[in-house]
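Working notes, beginning with the structure itself.
Counting from 1, the numbers follow the sequence of the chain as shown.
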Amino acid sequence: MEDKISILHEILKTRATCENEGNYLLFHGTNTLFSEIDLGKTSVTSDFGGGFYLTNILEQAVEWAGKKRRIQFDGDLSVWEYLKSAYVLKYELSFDELKKYNMNMKVFAGYDREWLDAILLGRRHLDKDDREVEDVSNLLSEYDIIAGPMADNNLNAKLNKYARHPYDRNILLDEIKMVKENYQIVFKTKKSLNALKELNKFSYMTF
């Protein structure tokens, strides 16, 4: 586990704000405020399956919040006032807690085929019995925490294209890489949440 924590630390050291020594700030975008994290309400078809997603990039969390508000609004004027604002929640990730609770972690340092296979599995675009992904067939359920790069905003269109007519995954991998690599961390189990401390909330008008 130490090696995975070291890799995550090195990644966040150059991409995230350090709040206290050894800890980093992470952000979550949402359209609903809540007092505690309910993993049962998370989407199971996200990049790395179900879980509580955070990013080290504040602007990315703002984008997530706006997207969730627009999806839930979906033209229903009865909930317009309720969804007028979107929220970004600020958390501190404790590396000491990661070690204390012996978290089972998977860390993707960059874009590679294993990362792509995990994304395809998470988005339900790949059969878990596919021989090419045997090594990651249980990836989305066996870990407490999964961390890795985000794909670009056109990911769904590209994955849908692949699902209809599968082609060389190495070509697909090149297509979905972001010019600027943003990072995301998903907390998938109740145990994993022990590494998070909520600091405060921000309210954003998003359209």
Heavy-atom closest contact ([X] atom, [Y] atom, distance):
X      : Y      : result
Leu98  : Ala195 : CD2-CB, 3.6 Å
Tyr167 : Tyr162 : O-CE1, 3.1 Å
Ile7   : Ala109 : CG2-CB, 4.3 Å
Leu173 : Arg113 : CD2-N, 4.2 Å
Met103 : Ile145 : CG-CD1, 4.2 Å
Ala65  : Val88  : CB-CG2, 4.5 Å

If we only count heavy atoms from C-beta on, is the [X] to [Y] side-chain gap below 4.5 Å?
X      : Y      : value
Phe187 : Leu93  : yes
Val186 : Asp47  : no
Arg169 : Leu120 : yes
Ile185 : Leu12  : yes
Trp64  : Gln184 : yes
Leu159 : Ile119 : yes
Thr189 : Asn104 : no
Phe95  : Leu8   : yes

Distance check, rounded to the nearest 0.5 Å: [X] atom [atom1] versus [Y] atom [atom2]?
X      : Y      : atom1 : atom2 : value
Leu54  : Tyr91  : CG    : OH    : 7.0 Å
Ile57  : Leu25  : CD1   : CG    : 11.5 Å
Met150 : Trp115 : CE    : CH2   : 10.0 Å
Phe108 : Ile146 : CZ    : CD1   : 6.5 Å
Phe34  : Glu198 : CZ    : CD    : 7.0 Å
Asp144 : Tyr101 : CG    : OH    : 12.0 Å

For the side chain of [X] and the backbone of [Y], is there at least one donor-acceptor N/O pair under 3.5 Å apart?
X      : Y      : answer
Asn194 : Lys191 : yes
His28  : Ala61  : no
Thr55  : Tyr183 : yes
Lys188 : Phe48  : yes
Lys158 : Ile176 : no

query: If you count the non-hydrogen atoms of other residues, nucleotides and ligands that lie under 6.0 Å from NZ in Lys161, is the total more than 12?
result: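 12 or below, so no.
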message: Counting only heavy atoms from other residues, nucleotides and ligands, does the tally under 6.0 Å from NZ of Lys197 exceed 12?
response: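 Atom NZ in Lys197 is not crowded, with 12 or fewer foreign heavy atoms closer than 6.0 Å.
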